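Scroll down for the structure; my scribbles are underneath it.
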Amino acid sequence: MKYRDRIAAYQRLREQPLWKLLAADRAPVLVGLLQGLLMENDRRLGAAVLHERLQNQLDALNAEQLEMELPRTAQAYVAYWLAQGWLERRLPEGASEEEYELSRQALQAIRFIAGIGQSAAVATESRLSLVMQQVAQLAQQTEVNPEARLAVLQAERARIDAEIAEVSSGKVAALDGKRALERTRDLIRLADELAEDFRRVRDDFEQLNRRFRESIIDAEGARGDVLDKLFNGIDLIGESEAGRTFQAFWDLLNDPLRSGQLDEALEQVLSRNYTRKLGRGERNFLRNFTATLLDRGGQVHDVMQNFARSLRGFVQSRGFLEQRRLNQLLKQAQSQALGLRDGLRPTAATGYVLPLSASRLRSIGQWKLHDPSTHQVDSTIWWSDGAEISLDSVGDLVAQSEIDIRSLKDDLYFLLGQSPRLSLGQVLEQRPARQGLGSVIGYLSIATRYGVVAAEQHETVQWTGGDGQVRRARVPQVWFVKEKRDELV
């Protein structure tokens, strides 16, 4: 490749999210936050949980008053990371909110940064042994000469027989703890990368989904032709590189013998003493490795099912015709624009006036501030002798209320037994108004039937209500006389 082509290729890579993350001004902060939030423990988080956790970390970092300044809110940072291609956002079926996860390129960038700080010793004996084993296995499995293949198998049998003889005699050669720990951590990194391959397969399926939709829209043909192409395209998924890779993964996971051997081997490894030097996260990864593969494989299965279901609905609902028509209109507009490009300048007047939206701007100095003193309410309390109550309204009030007339008559009967004549004020002085104004109205109602009313005279009476407040009222002068005492019974 020529230097110019190589530089141009790197320039295109420079615009990718992976390189942007590594070259960001605050790359250490970004990588640390993204790795802690969406890589170490949880790979997917709901929007509310992600915002809350990120805001807590931002507050803690700002409180330490480090040289770094993080002035934005958690929601603003998440939106920025999403626009940069470092996060991916999805709305799972049946979920109440969106979920976020790291993009594939962000994962690669974080792995690259994390791998720089690790010891180079892990890339020597452990990986060299793995490479030698894979090369030998590849050479054996691709050998087509029966004699050569037989010689290799006999040599392998002789080696196994010799090892069986040594073990039978009590000689067991095992890896020392340091080398075993080195190989275990190397296997953890390899297994983690293997689990992330499902992300690549899922992304490849989604890109295939988009390309296939574009081909349906661009293709000219009837609905039957589109359906044929649809089902043929779905069959081609399994023949694609992503489909074959995923199928290989899935066949291995669903093989009871091999998956059982894997689980048993992992349990044996975790029971060794040297694994106590592994971190808690490393041990949990080994313990849940098979479950992790099944979970991520299930996600790929969901993508494939949604892919087929959405495409089928896209075709059967004739939605592709609307998209095709829109695509044709856009192409037609572009073609007309290209035809007018040479004869019409971009700055030439078109004769069309497009009213733009605008807002009225005024200086804050033109505002008139509110003065509370100009809207004060007169809170002066004036003393009143009492409201006048007419006898015409007493009957209506009694009819609409539930005044205890029986008790009022009993009180009058008792008081008239001690005095020949009593006014309403005198009655209220000796007997409390249990129902407040209702009792006063009740006494006036009784007076109109069993008392003497002086219509031209008035009396001011007072009583204590149920809230303990003294109230007054100006009422017509009435007298309760002893001569009508017996009528109250």
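What you see is a predicted model; the values in this text were computed from it and never measured.
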Electrostatic pair Arg90:Glu101 at N-O distance under 4.0 angstrom: yes
With rounding to the nearest 0.5 Å, note down the distance linking CD in Gln84 to CD in Gln16. 12.0 Å
Between CZ on residue Arg43 and CG on residue Leu37, distance to nearest 0.5 Å: 13.0 Å
Parallel, tilted or perpendicular: which one describes the rings of Trp86 and Tyr80, with boundaries at 30° and 60°? perpendicular
Please list all pairs meeting salt bridge (charged side-chain N to carboxylate O under 4.0 Å, His left out) that have one or both residues in residues 44-57, counting only residues at least two apart or in different chains. Asp42-Arg53, Arg44-Glu99
Restricting to non-hydrogen atoms, name the atom on Leu13 and the atom on Trp19 that form the minimum distance, rounded to 0.1 Å. O-CB, 3.4 Å
Could you tell me which residues satisfy salt bridge (charged side-chain N to carboxylate O under 4.0 Å, His left out) with Arg157, sequence neighbours excluded, listed by chain and number? none
To the nearest 0.5 Å, what is the distance between CD on Gln332 and CG on Asn327? 12.0 Å
Provide the closest heavy-atom pair for Leu58 versus Thr73 in the form atom of the first, atom of the second, distance. CD1-C, 4.2 Å
Please round to the nearest 0.5 Å and tell me the distance separating atom CZ of Phe112 and atom CG of Leu22. 6.5 Å
Which pair of heavy atoms, one from Leu70 and one from Arg26, lies closest together, and at what distance? CD2-NH1, 3.9 Å
Name all residues meeting the salt bridge (charged side-chain N to carboxylate O under 4.0 Å, His left out) criterion together with Arg89; count only those two or more places apart in sequence or in a different chain, and write none if there are none. Glu98
Enter the distance from Leu33:CG to Leu61:CG here, rounded to the nearest 0.5 Å. 6.0 Å
Mind listing the closest non-hydrogen atom pair of Pro17 and Gly85 along with its distance? CB-O, 3.7 Å
Which value, rounded to the nearest 0.5 Å, describes the distance between Leu21 atom CG and Leu30 atom CG? 6.5 Å
